[in-house]
Peer 1: 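First, the structure itself, so that you have it in front of you.
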Amino acid sequence: MEKIKVILDCDPGHDDAVAVLMAGKHPAIELLGITVVAGNQSLPKTVTNALNVCQHVGIDVPVYAGSTRPLVQQPRYAGFIHGTSGLDGPQFEPLTKKAEATHAVNFIIKTLLNSEGDITLVPTGPLTNIALAMRLEPRIIPKIKQIVLMGGSVGQGNVTPAAEFNILADGEAAKIVFECGRPIVMCGLDVTRKVRCYQEVIDRMNQIGNKASYLFKEMMEFYNKTQKEAFKWEGGPLHDPVTIAYLIDPSVLTLQHCHVDIEIRSEQSYGRTNCDLVGFLKKEENAYVATDIDVDKFWDIIEECLKLYN
Ligand code: RIB
Ligand code: CA
């Protein structure tokens, strides 16, 4: 089967780190590069985290540093979930892997322009890098095969009642991306909150007994602690890996094609993804919104990915 060519744009972040583990070794995916954006923590920290994960488990993929801040909004971080480093919990070896000299946005532009139009973008953080690339070089837009992103929600947000973190962090960037006209799969909180990394999941993955599974355990035990402190629930939702799980097996998600608009004018609802599932507005559909997830199949995919490591 032909590999899916992927650029993973992320802000590691514990759940981003699991998405990196999944995309880094799965035979269905050719990971062309990891581009990093400020989000869960500042850019130097999210870049360091991406490099540490790749070096620790032996993912030989270039890492590119991107935007240090949103297009318009002031930076906001999620240290209360991901810790001071952005990936608190695991201890890594001294870091020798280096980020590439090329800026992430220039890597995205160059790679797409030189492609056959067969590259999937997988953003799992704020959409700043993707929006900048589209504005800097609009010729890349028809070259994007599809965008499979973690962000938004049909229902409640997770930072404000209206907005999910990735969209809220840079609503202007999200509006640019959702209006680009290319196929978008939106993996929002409606499905990601259903894949909760309970202790029995951690125990199941830990029994695989390799570097990736031990890293998963160390990351998730920290992540669950902060998720419980913040949201009073057991088992943190494993948001970002839903994107990669969908690429590996699209049947894991139930999608609905609809019009999605990003609220950027309202103070109360800034960053909301208004998903017109009913079609009230009779506007052209611009995204496939995930409305359900096969939870058992999702964890089977996570286990399959972690087993690929030594
Ligand atoms: O709202 C969840 C999203 O925000 C995830 O991508 C998480 O990593 C943070 O970036
Ligand atoms: Ca993320």
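Just so you know, ligand 1 is whichever comes first in the structure, and atom 1 is the first atom listed for that ligand. Positions are given from 1, in the same order as the sequence printed here. Please read all numbers here as calculations on a predicted model, not as lab measurements. The analysis underlying the following values was restricted to heavy atoms, covering all of them including side chains, and did not include hydrogens, waters or symmetry mates.
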Peer 1: Just to confirm my output: which protein heavy-atom neighbour is closest to atom 7 (C) of ligand 1, and how far is it?
Peer 2: D15 OD2, 3.3 Å

Peer 1: For the pair K211 and E93, find out whether any cationic side-chain nitrogen is under 4.0 Å from an anionic carboxylate oxygen.
Peer 2: yes

Peer 1: Please write down residue, atom name and distance for the protein heavy atom closest to atom 6 (O) of ligand 1.
Peer 2: D240 OD1, 2.6 Å

Peer 1: When you look for heavy atoms under 4.0 Å from ligand 1, do you find them on the side chain of V159, its backbone, both, or neither?
Peer 2: neither

Peer 1: Do you see a donor-acceptor pair shorter than 3.5 Å between the side chains of S153 and D190?
Peer 2: no

Peer 1: Please report which non-hydrogen protein atom sits nearest to atom 10 (O) of ligand 1, along with the residue it belongs to and the distance in Å to one decimal place.
Peer 2: N166 OD1, 2.9 Å

Peer 1: With respect to atom 3 (C) of ligand 1, which of E164, H14, H239, H82 exhibits the smallest heavy-atom separation?
Peer 2: E164

Peer 1: Heavy-atom contacts with D16 under 4.0 Å: which atoms of ligand 1 show up? List them by number with element.
Peer 2: 8 (O)

Peer 1: How wide is the angle at the Ca ion (ligand 2) spanned by T124 O and D16 OD2, rounded to 10 degrees?
Peer 2: 80°

Peer 1: Please list all pairs meeting side chain to side chain donor-acceptor pair (under 3.5 Å) that have one or both residues in residues 199-208, counting only residues at least two apart or in different chains.
Peer 2: Q199-D203, R204-D300, R204-E303

Peer 1: Can you tell me if N49 and T46 form a side-chain donor-acceptor pair at under 3.5 Å?
Peer 2: no

Peer 1: Please work out whether the ring planes of H56 and F92 are parallel, tilted or perpendicular, with thresholds of 30° and 60°.
Peer 2: perpendicular

Peer 1: Among the N, O or S atoms of D11, which one sits nearest to the Ca ion (ligand 2)?
Peer 2: OD1

Peer 1: Between H239 and D15, do the side chains contain an N or O donor and an N or O acceptor separated by less than 3.5 Å?
Peer 2: no

Peer 1: If you count the atoms of ligand 1 from 1 in the order shown, which ones are under 4.0 Å from a heavy atom of M150?
Peer 2: 2 (C), 3 (C), 5 (C), 6 (O)

Peer 1: Looking only at the aromatic ring of each residue, does the gap between the centers of F222 and H14 stay below 6.0 angstrom?
Peer 2: yes

Peer 1: Can you tell me the N, O or S atom of D240 that's nearest the Ca ion (ligand 2)?
Peer 2: OD2

Peer 1: Scan the side chains in residues 155-169 for donor-acceptor partners under 3.5 Å anywhere in the protein, sequence neighbours excluded, and list what turns up.
Peer 2:
from: N158; atom 1: OD1; to: F165; atom 2: N; distance (Å): 2.9
from: T160; atom 1: OG1; to: A162; atom 2: N; distance (Å): 3.2
from: T160; atom 1: OG1; to: A163; atom 2: N; distance (Å): 2.9
from: E164; atom 1: OE1; to: G152; atom 2: N; distance (Å): 2.8
from: E164; atom 1: OE1; to: N166; atom 2: N; distance (Å): 3.0
from: E164; atom 1: OE1; to: I167; atom 2: N; distance (Å): 3.1
from: E164; atom 1: OE2; to: N166; atom 2: N; distance (Å): 2.8
from: N166; atom 1: ND2; to: T124; atom 2: O; distance (Å): 3.4
from: N166; atom 1: ND2; to: M150; atom 2: O; distance (Å): 3.0

Peer 1: Check each atom of ligand 1 against the heavy atoms of N158 and keep those under 4.0 Å away; list them by number with element.
Peer 2: 1 (O), 2 (C)

Peer 1: Specify the protein heavy atom at minimum distance from atom 9 (C) of ligand 1: its residue, its atom name, and the distance to 0.1 Å.
Peer 2: N40 OD1, 3.2 Å

